[in-house]
**Q** 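I have a structure I would like to understand better, so I am pasting it below and will then ask my questions one at a time.
No hydrogens, no waters, no symmetry mates; every other heavy atom, side chains included, goes into these values. These figures come from a predicted structure and were not determined experimentally.
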Amino acid sequence: GLVVGAAEITIDLGGQTIDGLGMGAGVRNPRFDAVTVTNGSIQEFDAGVVVDPSQRNVVSSLNVTLSTSTGIRLSGARDASVRSNTLGTNQGEGIALLGGTQATLVRDNTITGNLGSGLWLEASSSNRIEDNSITASQGAAITLDGAAGNTLLRNSLSANLGGIDV
């Protein structure tokens with residue numbers, strides 16, 4: 001996969017696909033601030049996009065499929081935006097906000113047919129989850145695990161194994 005090496009950059013995939021072998025991350029940001037990853041497809045990695053502790057990152061307009069764990073995973077991120085992505089047939093969660101992720105907007109994502117929860121928040125707070133469509137997850141549509149103070153608005157949840165698990 002691709003590893004981010006600088007802050008304040010945009011990685012525009014130009015509609016192209018990053019295709020893996022079920023290991024590593026399609027795009028990994030190991031702590032750089034203000035990085036945008038947009039406009040393409042990422043498939044067949046352990047995780048499609050991984051953002052480690054950093055601020056003001058954007059993950060948008062991606063099609064992330066066939067990950068062996070999570071489609072998009074943020075850990076310790078702050079003031080990030082995950083928007084207008086399509087995630088499907090991942091073996092774990094569609095989107096995961098973990099490890100103290102705060103003040104992040106997750107909006108207008110289509111999450112379908114993942115084997116875990118559609119959206120998983122663990123030990124993360126003050127995030128805004130709105131206008132997402134979560135369908136046919138084998139876990140709950142949205143799981144909040146030790147995740148207090150988050151706002152959930154106008155999400156469409158259907159045909160998931162569960163609704164919102166707190």
Side-chain angles (χ1 to χ4, degrees), residues 1-2 4 10-20 22 24-29 35-51 56-75 77 79-98 101-122 124 126-145 147 150-166:
L2 192 148
V4 174
T10 296
I11 299 169
D12 186 337
L13 297 178
Q16 300 299 311
T17 298
I18 299 176
D19 193 0
V27 177
R28 180 172 173 265
N29 179 353
V35 173
T36 297
V37 180
T38 190
N39 190 27
S41 296
I42 300 171
Q43 63 187 28
E44 298 182 305
F45 285 91
D46 180 53
V49 177
V50 174
V51 177
R56 301 179 318 278
N57 289 288
V58 176
V59 179
S60 69
S61 303
L62 296 176
N63 183 25
V64 182
T65 58
L66 303 171
S67 298
T68 58
S69 67
T70 305
I72 298 172
R73 181 175 67 226
L74 281 66
S75 181
D79 298 318
S81 176
V82 179
R83 63 178 188 259
S84 303
N85 299 289
T86 301
L87 300 106
T89 59
N90 296 295
Q91 292 182 24
E93 287 68 42
I95 298 172
L97 305 183
L98 310 171
T101 294
Q102 297 180 2
T104 291
L105 174 65
V106 178
R107 182 177 190 172
D108 292 324
N109 297 286
T110 301
I111 304 168
T112 306
N114 295 286
L115 295 183
S117 294
L119 183 57
W120 179 282
L121 284 76
E122 182 178 304
S124 298
S126 302
N127 299 293
R128 188 172 180 94
I129 312 301
E130 66 181 36
D131 298 320
N132 298 287
S133 173
I134 305 172
T135 307
S137 295
Q138 294 301 304
I142 300 173
T143 298
L144 303 170
D145 184 3
N150 294 288
T151 302
L152 283 66
L153 294 170
R154 299 180 308 275
N155 295 288
S156 171
L157 315 176
S158 63
N160 300 287
L161 193 58
I164 299 173
D165 185 11
V166 179

**Q** Return the set of residues passing side-chain hydrogen bond (donor to acceptor under 3.5 Å, both in side chains) with Asn57 (not counting sequence neighbours), or none when no residue passes.
**A**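 Partners of Asn57 under the side-chain hydrogen bond (donor to acceptor under 3.5 Å, both in side chains) test: Asn29, Ser54.
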**Q** Going from CG on Asn63 to CG on Asn39, what distance comes out if it is rounded to the nearest 0.5 angstrom?
**A** 11.5 Å
**Q** Taking only residues two or more places apart in sequence or in another chain, which ones pass side-chain hydrogen bond (donor to acceptor under 3.5 Å, both in side chains) with Thr112?
**A** none
**Q** For residues 134-145, which side-chain donor-acceptor pairs fall under 3.5 Å, sequence neighbours excluded?
**A**
from   : atom 1 : to     : atom 2 : distance (Å)
Ser137 : OG     : Gly118 : N      : 3.3
Ser137 : OG     : Asn160 : OD1    : 3.2
Thr143 : OG1    : Ser117 : OG     : 2.7

**Q** Distance check, rounded to the nearest 0.5 Å: Ser156 atom OG versus Ile111 atom CD1?
**A** 11.0 Å
**Q** State the CG-OG1 distance between Leu97 and Thr104, to the nearest 0.5 angstrom.
**A** 6.0 Å
**Q** Between Trp120 and Leu98, does a side-chain contact (heavy atoms from CB on, under 4.5 Å) hold up when you go through it step by step?
**A** CA-CA 8 Å; Trp120 179 282; Leu98 310 171; 3.5 Å; yes
**Q** Does Val106 reach the side chain of Asn127, with side-chain heavy atoms less than 4.5 Å apart?
**A** no
**Q** Drop me the distance from Leu119's CG to Glu93's CD, to the nearest 0.5 angstrom.
**A**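 These two atoms lie 9.0 Å from each other.
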**Q** Can you tell me how far apart CG (Leu152) and CD1 (Ile129) are? Round to the nearest 0.5 Å.
**A** 6.0 Å
**Q** With sequence neighbours left out, what residues match Arg107 under salt bridge (charged side-chain N to carboxylate O under 4.0 Å, His left out)?
**A** Glu130, Asp131
**Q** If you take all heavy atoms of Ser126 and Asn150, which pair is closest and at what distance?
**A**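 For Ser126 and Asn150, the tightest heavy-atom pair comes out as N-OD1, 3.5 Å.
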**Q** Could I get the full list of side-chain hydrogen bond (donor to acceptor under 3.5 Å, both in side chains) partners for Thr68, not counting sequence neighbours?
**A** Asp46
**Q** With a 3.5 Å distance limit and no angle check, can you tell me whether Thr70 reaches the backbone of Ala96 through a side-chain donor-acceptor pair?
**A** no
**Q** Please list, chain by chain and in numerical order, all residues satisfying side chain to side chain contact (heavy atoms under 4.5 Å, CB included) with Leu13, sequence neighbours excluded.
**A**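 Partners of Leu13 under the side chain to side chain contact (heavy atoms under 4.5 Å, CB included) test: Ile11, Ile18, Ile42, Leu62.
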**Q** Asn90: what forms a side-chain hydrogen bond (donor to acceptor under 3.5 Å, both in side chains) with it, not counting sequence neighbours?
**A** Ser67, Asn114
**Q** For the pair Asn109 (side chain) and Val82 (backbone), establish whether a donor and an acceptor sit closer than 3.5 Å, ignoring hydrogens and angles.
**A**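 Yes, because the side chain of Asn109 sits within donor-acceptor range (under 3.5 Å) of the backbone of Val82.
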**Q** Which residues pass the side chain to side chain contact (heavy atoms under 4.5 Å, CB included) test with Thr36, not counting sequence neighbours?
**A**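 By the side chain to side chain contact (heavy atoms under 4.5 Å, CB included) rule, Thr36 matches Thr10, Thr38, Val58.
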**Q** As a quick check of understanding, evaluate side-chain contact (heavy atoms from CB on, under 4.5 Å) for Arg83 and Leu105, giving each step before the final call.
**A** CA-CA 8 Å; Arg83 63 178 188 259; Leu105 174 65; 5.7 Å; no
**Q** To the nearest 0.5 Å, tell me how far Ser61 OG sits from Asp108 CG.
**A** 10.0 Å
**Q** Gly71 and Leu87: which non-hydrogen atoms are nearest, and at how many Å?
**A** CA-CD2, 3.9 Å
